[in-house]
Amino acid sequence: MSNAPGRGLADAAFPPVPFGTDVPWSNWGGNQHATPAFTVRPTTEQEALDAVRFAIKEGLPVRAVGSGHSSSPLVQTGGVLMDMSALAGITGTDPGRRRARARAGTTINAFGDPLWEQGLALANQGDIDKQQIAGALSTSTHGSGIGLGSFSSALRWVRLIDGHGEIVEIGEGQLRELRAAQVALGTLGIFLEVELAVEDAYYLQEEITYPEWDETVAGWDADIAGNRHYSFLWCPGEGSAELLDLPGAPGERMANRSYTKRYNVVELKDESGISGVEGKRLDRSYRIYPGGFTTPFHELEYFVPVEHGLAATEAIQDLIRTRHPEQQYPVEVRWVKADEGYLSQFQGRDTTVITLTTEPGTDYWAFFRDADALLQEFEPRAHWGKIHFMSRSRLERLYPGLDTFLEVRREFDPRGVFLNDHTRALLG
């Protein structure tokens, strides 16, 4: 970063904080790119505020970037890109109320030890824990468990910089605004600090199994209801599991089998009972959740009402077998509890999550478009941070709280400072 002039502009047209000019950015999966006019990495809230006020004065759009795990074009801007990674760290815990506060750039894996030391833990998390919490909240990132919500559903308070260039707070006494902030795609403002509802610390026991598909179907309802966390990755071919570095069933063919994960709470008197045995690990919750998935990939992830989960999953299986046999990555299936965020994928309905993964550098668009078309009969919503085909007309049909969200968004950002081309088409 520097304060050196560039781009042939007058000195007054440069941010009053350290910045870089024309710095290329790309995401983790390598399918999204941008070259903003200015890239800033604030190290204090005042620097973040000064950067936003500069952008407002100069008529430049602003987008925040976290860990870059989104596959959708949420970050791109030709204006000011704000790298929030330096504004990180747990800022407070309240074991009595089971709450934790953290700066926006705090990665999910940074919550584990500090919360545990206070007798607390995140209620749930996903396979990857490198995302920054503001990005995870903004896109409703989630784990699996029919009785558990996404990260966004746990948001109870946020302090942000709005489109008026002011720092404002939203708390539980402002449910209208809070439900908008829970999933906002970065369009309400720049998050600075958040408060999450958390749980008392707990240990999880892992159970990995490899049932054939008919066994998965036979236990469908019982497994969803009977485990704190239940999910599986269905393998269409013999080499599917290794594409995501999943261990296969010893001595068994993996085609048409499910790599199945069940995690349940167990009581430990002391940590001498911790076990690292593969497939049967027992450890602190935050050590059990994440694993694998270190190689970049591209994903489409759709969400259907839980009652349609089996039919939708089998429709995708048929699509792969009949029209896209070249697609051999496992299909991941998970469950998430309904919540009340206006733009949440889980708003008002318990949900089955179907994730389609593909290899970077391959032509997967025909597969994704066919999957999108096939799933329309199930009223699917899409993961905002992954490849999708959502449009404004689909939002109007699928999100009952959209009008209220748009009202709140205009109040916080009447000039559209925090929009880019992608979010403007959806929410402008």
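Source: prediction; values computed, not measured. Computed from heavy atoms alone, side chains included, the values below leave out hydrogens, waters and symmetry copies.
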Margin query: Applying ring-ring contact (aromatic ring centres under 6.0 Å, His included) to Tyr286 and Phe111, what does each step give before you reach the verdict?
Written below: CA-CA 9 Å; Tyr286 62 94; Phe111 281 82; over 10 Å; no
* To do: Give me the ring orientation class for His142 and His383: parallel if the planes are under 30° apart, tilted from 30 to 60°, perpendicular past 60°.
  => tilted
Given the options Val417, Asp421, Thr423, Leu419 meets side-chain contact (heavy atoms from CB on, under 4.5 Å) only with Thr423
- Query: Hey, mind stepping through Thr139 and Thr141 against side chain to side chain donor-acceptor pair (under 3.5 Å) and telling me if it holds?
  - Reply: CA-CA 6 Å; Thr139 57; Thr141 293; 3.2 Å; yes
Separation between CG (Leu137) and CD (Gln131), nearest 0.5 Å, reads 11.0 Å
Donor on one side chain, acceptor on other, Thr352 and Trp335, under 3.5 Å: yes
Residues pairing under ring pair (Phe, Tyr, Trp, His ring centres under 6.0 Å) where one sits in residues 144-193, two or more places apart or in two chains, turn out to be none
Point to revise | Pair Ser85, Arg41: side-chain N/O donor-acceptor within cut-off below 3.5 Å | key: yes
Between Leu310 and Trp213, the two heavy atoms sitting closest are CD1-CZ2, 4.0 Å
One should read off an interatomic distance between Asn264 CG and Leu204 CG, to the nearest 0.5 angstrom, of 8.0 Å
Review point. Can you find a heavy atom in the side chain of Leu356 that is under 4.5 Å from one in the side chain of Val331?
Key: yes
Rounded to the nearest 0.5 angstrom, the OG1-CD distance for Thr93 and Glu117 is 9.5 Å
task = Evaluate the side-chain proximity of Asp372 to Tyr302: yes if any heavy-atom separation is below 4.5 Å, no if none is.
result = yes
Between the OG1 atom in Thr313 and the CD1 atom in Ile354, the distance rounded to the nearest 0.5 Å is 3.5 Å
Is the His229 ring parallel, tilted or perpendicular to the Tyr289 ring (thresholds 30°, 60°)?
perpendicular
Check the pair Arg284 / Glu271 against salt bridge (Lys or Arg N to Asp or Glu O under 4.0 Å), numbers first and verdict last. CA-CA 9 Å; Arg284 298 177 181 182; Glu271 294 203 338; 2.7 Å; yes
Here the salt bridge (Lys or Arg N to Asp or Glu O under 4.0 Å) pairs for residues 188-197, sequence neighbours left out, are Arg97-Glu195, Arg99-Glu195, Arg101-Glu195, Arg159-Glu193
Review point. Can you check ring-ring contact (aromatic ring centres under 6.0 Å, His included) on Phe54 and Phe38, steps first, answer last?
Key: CA-CA 11 Å; Phe54 161 80; Phe38 303 106; 5.6 Å; yes
With sequence neighbours left out, the residues meeting side chain to side chain contact (heavy atoms under 4.5 Å, CB included) with His33 are Ser26
Between Gly163 and Ile56 the two heavy atoms that sit nearest each other are O-CD1, 3.3 Å
Pro400 and Gln347, any side-chain heavy atoms less than 4.5 Å apart:
yes
In terms of heavy-atom contacts, Ser150 and Ser140 come closest through OG-OG, 3.1 Å
Do the rings of Trp220 and Phe232 sit parallel, tilted or perpendicular, given the 30° and 60° boundaries?
perpendicular
>> Looking only at side-chain N and O atoms, does Thr260 offer a donor or acceptor that is under 3.5 Å from a partner on Ser258?
In response: no
Contact between Ser240 and Trp234 at the side-chain level, heavy atoms closer than 4.5 Å - yes or no?
no
Open item on the list: Can you confirm whether or not the ring centre of Phe303 sits under 6.0 Å from the ring centre of Phe346?
Closed with: yes
To the nearest 0.5 Å, atom CD of Gln328 lies from atom CD of Glu359 at 12.0 Å
Query - cation_pi(Arg228, Tyr202) dist<6.0 Å, angle<=45 - result: yes
Is the shortest side-chain heavy-atom distance between Gln345 and Val336 below 4.5 Å? no
Which atom pairs, donor and acceptor, lie under 3.5 Å between side-chain atoms of residues 272-281 and protein residues at least two apart or in another chain?
{"from": "Ser272", "atom 1": "OG", "to": "Asp270", "atom 2": "OD1", "distance (Å)": "2.2"}
{"from": "Ser275", "atom 1": "OG", "to": "Val277", "atom 2": "N", "distance (Å)": "3.3"}
{"from": "Arg281", "atom 1": "NE", "to": "Glu206", "atom 2": "OE1", "distance (Å)": "3.2"}
{"from": "Arg281", "atom 1": "NE", "to": "Glu206", "atom 2": "OE2", "distance (Å)": "3.2"}
{"from": "Arg281", "atom 1": "NH1", "to": "Arg287", "atom 2": "O", "distance (Å)": "3.3"}
{"from": "Arg281", "atom 1": "NH2", "to": "Glu206", "atom 2": "OE2", "distance (Å)": "2.8"}
{"from": "Arg281", "atom 1": "NH2", "to": "Ile288", "atom 2": "O", "distance (Å)": "3.0"}

#### Entry: Modelled atom types, side-chain donor and acceptor of Thr209 and Arg262, under 3.5 Å
yes
How far apart are the C-alpha atoms of Arg394 and Glu379, what are their side-chain angles, what is the distance that settles it, and do they pass the salt bridge (Lys or Arg N to Asp or Glu O under 4.0 Å) test?
-> CA-CA 9 Å; Arg394 286 192 187 183; Glu379 296 291 295; over 6 Å; no
Are side-chain heavy atoms of Met82 and Val52 found at a separation under 4.5 Å?
yes
Item checked: Any side-chain heavy-atom pair of Thr107 and Ser67 under 4.5 Å -> yes
Quick note, ring pair (Phe, Tyr, Trp, His ring centres under 6.0 Å) partners involving residues 394-428, not counting sequence neighbours, are Trp384-Tyr399, His388-His422
Applied to residues 337-353, the salt bridge (Lys or Arg N to Asp or Glu O under 4.0 Å) test, sequence neighbours excluded, yields Arg179-Glu340
Next item on the list: Indicate yes or no: at least one non-hydrogen side-chain atom of Thr187 is less than 4.5 angstrom from one of Arg63.
Entry: yes
